[in-house]
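Both ligands and their constituent atoms are indexed starting at 1 by order of listing.
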Amino acid sequence: MDEDFLNLFISHMNAEFESYYLYLSMAGYFEQNSWTGFAKWMHLQAEEERMHAMKFYQYLLDRGYYPKLLAIKQPKAQWNSILEVFEESLKHEQLISKKINELMAMADNQKDYGSRIFLNWFIEEQIEEEASVGEIVDKIARVKDDTKGLMFLDNELGQRRPVA
Ligand SMILES: [Fe+2]
């Protein structure tokens, strides 16, 4: 890995830690407003992001590089609606997908087949992430401010279980 590629990997590991932090902040917002199902979903989402960051951490070590940790930027702490939270989460995932694609393009460019295989998992994961968050955004947009509808969705998202 050349220096630019390594730095891109390190900055992506940081982006995954930032995702963890952002979703943890979103979970706190839901908890504070007693949306326990949305909070649970978001806590699990945050935990997945931490695991993504740790995959990068381990990959760098496996390749013989030090997984240098960077400062994590302070996440946003307040939102105006449930919809706004999930819309932001979708926007964030789209940004992460773009970054993964940039890493993949660099791996291609450098004929780094090991990194291609490693990144492949993330390409698939991002498709899933965007689809699942996009679906939630659509459902929340559909019920708008209807309390019963929101409570139904809160209950539905609260059924989420951690991945094995
Ligand atoms: Fe992620």
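Distance check: Glu135 CD to Leu90 CG gives 12.0 Å after rounding to the nearest 0.5 Å. Here the CE-CH2 distance, from Met26 to Trp79, works out to 5.0 Å after rounding to the nearest 0.5 Å.
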* To do: Dump the intermediate steps for side chain to side chain donor-acceptor pair (under 3.5 Å) on His43 and Glu31, then the final yes or no.
  => CA-CA 10 Å; His43 270 297; Glu31 295 225 45; 2.7 Å; yes

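Listed by chain and number, the protein N, O or S atoms at a distance under 2.8 Å from the Fe ion (ligand 1) are Glu16 OE1, Glu49 OE1, His52 ND1.
We find that Lys55 and Glu16 are not joined by a salt bridge, their nearest charged nitrogen and carboxylate oxygen being 4.0 Å or further apart. Classification of Arg50 and Glu47 as a salt-bridged pair holds, one side-chain N sitting under 4.0 Å from a carboxylate O.
Residue pairs meeting the salt bridge (Lys or Arg N to Asp or Glu O under 4.0 Å) criterion with at least one partner in residues 155-164, sequence neighbours excluded, are Glu48-Arg160, Lys139-Glu156.
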